[in-house]
*Asks:* 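My questions will all concern the structure given below.
Throughout, numbering of the chain's residues begins at 1 and tracks the sequence.
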Amino acid sequence: MTHKRKIRILIIEAIVAMALALLLLAMLLVQEKEEHVPADSQIPEASGEKSFGEENSGEKELGEMGDDKGDALEEDPGQTQSDLKEAPGEYSALSWGIDVSEHQEIIDWQQVASAGVDFAMVRVGYRRSVSGEMVEDRCARYNLQEASALGIPVGAYFFSTAINEEEAREEARWVLDLLAGYPITYPVVYNCEGFQNESSRQHNLTIEERSGLARIFLDQVEQEGYTGMFYAARSELAGNFLWDTEGLEREYRIWVAQYVDPENVEVDRPDYDGAYVMWQYTDKGTIPGIRTVVDLNRAYIGYSRLGQPKGQPAAPVDPNPEVGVTFEEVEEQVTAKEMVNLRSTMDQSEEGNIVAKLRNGETALRTGKGSNGWSRLEYDGQIVYAVSSFLTEDTSYRTPQREPEGEFKTQFTRVSELVTAKEVTNLRNRPSVEDPSQVIVQLYHGEVITRTGVSDVGWSQVEYNGQTLYCISSYLEAAE
């Protein structure tokens, strides 16, 4: 082989090696471009196209909200990103979440986390539409605390009815003070609805005035380092119909609501051609751990790091025992008809919540009568609860003298066993259905009490809420 031929072969081999190196470099660049999450990401990747809670998907139904939230969707998915200033750690991704308030009652967040929820938007409070009073959501702190503790990233929203700049700033400051102790990752949202109702204090505001108040709130939120977001129905946003939509889209993230059938897997976007990063698509979702229906959302953003509290971490809170119960507010002194347990929660199935006993002749201030048969009392500086039927506002009432048990014709053999009603049974103050026997309370299936005696003529002696009562044995069964 001549010297010139060897040189030609070496040149060809070098060219082939260079081409292979360039091809490998191009493949590496494509792979790097496809990865969204930084290497030090602290949040798992979004769940992709799989919806959380799939085992319950058959229970979800078409929802309605506003003028168009049940509208069918067209094929054009619309625009999902706007030309916004960057948010630290935010990247494009598909994630699934819920938005919750006290209307979802006490949530079992462990079950929610196990269902695969990617994020939760928590209502922190609202301003009343008529009086203008600001009210904290009764589950706000508990929901923020529990969701965060289980690794579910949270955002927050406030329902505004501000009518001037001062009120908009007041709302923002109120929200920021509440959120300071919690790790907020997703946006903080301005939510404003119902202003078209004549009873609303916002009824006479113009589009420009309402939109301006939203800007004041969201600007103050973003000045504190949170991401601002504006929520509204598609019908309100489209065509700048009720908001300065184009302006709000340029300045903040948009959360659009339009309800569709969640079973329609072909629909993955709302019928909205504006800019948005979150879509609320039903209010009829079902999720393990939530007893009520719940709003479901898709977000087209994710976050590479969890948020951190901007102030001192919030003090731990217990769930509010009054959530889900409607109370008639009263202010009256009451006493026990005989003796009643005063409890920290409205639950008779446990002993650990008994904080005191109220006896006949002793008084406490009743501040509320619950729709569930319980009363709220103030006793020894504490808020406690007692079964209403065991109380009377007649503070001069005295418990009638009982006939000694030995004088009852019915004799009882001592036992000690847990029982419940087969369906429902009357508990009486005497082992008889004849006068002067009186029905003191009804026992329902599932309520567990202790049977302390049985007779050979069909009666049982039981202990119920500190009282000795009697019922027909055949209406009872052993508690499981």
Side-chain angles (χ1 to χ4, degrees), residues 62-71 97-104 120-140 155-164 167-168 170-172 174-175 186-218 221 228-245 247-249 252-260 270-272 274 276-285 292-297:
L62 180 66
E64 293 181 89
M65 186 173 179
D67 295 339
D68 69 325
K69 293 183 182 177
D71 291 351
I98 57 178
D99 59 273
V100 298
S101 70
E102 64 186 54
H103 298 300
Q104 275 65 55
M121 305 298 291
V122 176
R123 186 178 78 165
V124 294
Y126 57 96
R127 188 190 288 274
R128 296 191 188 278
S129 61
V130 177
S131 68
E133 176 190 5
M134 294 193 27
V135 182
E136 181 177 322
D137 187 285
R138 293 184 295 175
C139 292
Y157 68 99
F158 180 82
F159 189 98
S160 169
T161 63
I163 58 175
N164 54 48
E167 287 191 351
E170 178 189 26
E171 291 176 352
W174 187 93
V175 170
Y186 275 70
V188 176
V189 184
Y190 184 84
N191 176 204
C192 178
E193 302 176 50
F195 48 81
Q196 291 180 287
N197 298 329
E198 292 186 2
S199 62
S200 172
R201 60 204 304 267
Q202 295 178 309
H203 180 65
N204 294 322
L205 294 181
T206 66
I207 291 175
E208 291 73 20
E209 288 171 336
R210 282 198 314 276
S211 301
L213 297 178
R215 286 187 174 93
I216 289 171
F217 178 98
L218 292 171
V221 161
M229 175 178 276
F230 180 79
Y231 168 97
R234 172 198 173 278
S235 60
E236 297 179 7
L237 293 169
N240 299 297
F241 180 53
L242 292 175
W243 296 95
D244 174 20
T245 305
L248 292 169
E249 285 178 348
Y252 317 105
R253 273 65 175 164
I254 299 296
W255 181 6
V256 61
Q258 183 187 22
Y259 291 174
V260 299
D271 180 19
Y272 178 65
Y276 59 92
V277 297
M278 192 178 292
W279 172 32
Q280 184 186 80
Y281 63 90
T282 183
D283 64 347
K284 296 294 190 297
T292 68
V293 292
V294 64
D295 297 340
L296 304 182
N297 301 272

*Asks:* Which heavy atom of S160 sits nearest to which heavy atom of E171, and what is that distance?
*Replies:*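 Heavy-atom minimum between the residues: OG-OE1, 2.6 Å.
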*Asks:* Please determine whether side chain to side chain contact (heavy atoms under 4.5 Å, CB included) holds for the pair F159 and S101, giving the CA-CA distance in whole Å, both sets of side-chain angles, and the decisive distance to 0.1 Å.
*Replies:* CA-CA 11 Å; F159 189 98; S101 70; over 6 Å; no
*Asks:* What's the separation between atom OG1 in T292 and atom CD in E102, rounded to the nearest 0.5 Å?
*Replies:*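 Nearest 0.5 Å value for the OG1-CD distance: 11.5 Å.
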*Asks:* Is the side chain of S129 donor-acceptor paired with the backbone N or O of S200 at a distance under 3.5 Å, no angle test?
*Replies:*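 Answer holds: no.
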*Asks:* Taking all heavy atoms of S211 and all of D244, pick out the closest pair and write down the distance.
*Replies:*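 The pair with the smallest heavy-atom distance is OG-N, 3.0 Å.
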*Asks:* Distance-only, no hydrogens or angles: does the W279 side chain make a donor-acceptor pair with backbone N or O of Q258 under 3.5 Å?
*Replies:*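 A pair under 3.5 Å: yes.
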*Asks:* Quick check for you: to the nearest 0.5 Å, what is the distance between L296 atom CG and T282 atom OG1?
*Replies:*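 Rounded to the nearest 0.5 Å, the CG-OG1 separation comes to 6.0 Å.
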*Asks:* Which heavy atom of M121 sits nearest a heavy atom of A156, and at what distance?
*Replies:*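 Nearest heavy atoms, M121 then A156: CE-N, 3.9 Å.
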*Asks:* Looking at every non-hydrogen atom in both residues, tell me the closest pair between W174 and V135 and how far apart they are.
*Replies:*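 Heavy-atom minimum between the residues: CH2-O, 3.9 Å.
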*Asks:* Working to the nearest 0.5 Å, report the span between OG1 of T161 and CG of N191.
*Replies:*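 Spacing of OG1 (T161) from CG (N191) equals 11.0 Å.
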*Asks:* Give the C-alpha distance, both sets of side-chain angles, the deciding distance and a yes or no for side chain to side chain contact (heavy atoms under 4.5 Å, CB included) between I254 and V277.
*Replies:* CA-CA 6 Å; I254 299 296; V277 297; over 6 Å; no
*Asks:* Nearest 0.5 Å please: distance from the CD atom of E209 over to the CZ atom of F195.
*Replies:*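 Going from the CD atom of E209 to the CZ atom of F195 covers 12.5 Å.
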*Asks:* Considering the options E133, E170, Q202, which one meets the side chain to side chain donor-acceptor pair (under 3.5 Å) requirement together with R127?
*Replies:*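 Between R127 and the candidates, side chain to side chain donor-acceptor pair (under 3.5 Å) is satisfied uniquely by E170.
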*Asks:* Judged by atom type as modelled, is there a donor-acceptor pair below 3.5 Å linking the side chain of R210 to the main-chain atoms of L242?
*Replies:*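 A pair under 3.5 Å: yes.
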*Asks:* Any side-chain to backbone donor/acceptor pair from E193 onto A232? Under 3.5 Å, distance only.
*Replies:*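 Judged by distance alone, no pair lies under 3.5 Å.
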*Asks:* Which heavy atom in L248 sits nearest to a heavy atom in R215, and how many Å separate them?
*Replies:*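 Between these two residues, the closest heavy atoms are N-NH2, 3.8 Å.
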*Asks:* Does any part of the side chain of V122, heavy atoms only, come nearer than 4.5 Å to the side chain of V100, both counted from C-beta?
*Replies:*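 Contact flag for V100/V122 side chains = yes.
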*Asks:* Can you find a pair of side-chain heavy atoms, one from R123 and one from Y157, that are under 4.5 Å apart?
*Replies:*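 When only atoms from C-beta onward are counted, Y157 and R123 do touch, with a gap below 4.5 Å.
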*Asks:* Between CD of E249 and CG of L237, what distance do you get to the nearest 0.5 Å?
*Replies:*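 The distance works out to 7.0 Å.
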*Asks:* Please evaluate residues Y190 and Y252 with respect to the criterion side chain to side chain contact (heavy atoms under 4.5 Å, CB included), reporting the C-alpha separation (whole Å), side-chain torsions for both, the decisive distance (0.1 Å), and the verdict.
*Replies:* CA-CA 10 Å; Y190 184 84; Y252 317 105; over 6 Å; no
*Asks:* Check this for me, if you would: do E167 and R201 make a salt bridge, where the nitrogen-to-carboxylate-oxygen distance has to be below 4.0 angstrom?
*Replies:*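 So E167 pairs with R201 through a salt bridge.
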*Asks:* Evaluate Y186 against R253 for side chain to side chain contact (heavy atoms under 4.5 Å, CB included), listing each step before the verdict.
*Replies:* CA-CA 11 Å; Y186 275 70; R253 273 65 175 164; over 6 Å; no
*Asks:* Hydrogens and angles aside, do D99 and W255 bring a side-chain donor and acceptor to less than 3.5 Å of each other?
*Replies:*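 Looking only at side-chain atoms, W255 and D99 do not form any donor-acceptor pair under 3.5 Å.
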*Asks:* If you compare all heavy atoms of H203 against all heavy atoms of N197, which two are closest, and at what distance to 0.1 Å?
*Replies:*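 The pair with the smallest heavy-atom distance is ND1-O, 3.4 Å.
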*Asks:* How many angstroms lie between OG1 in T206 and CD in E208, if you round to the nearest 0.5 Å?
*Replies:*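 So the OG1 of T206 and the CD of E208 are separated by 4.5 Å.
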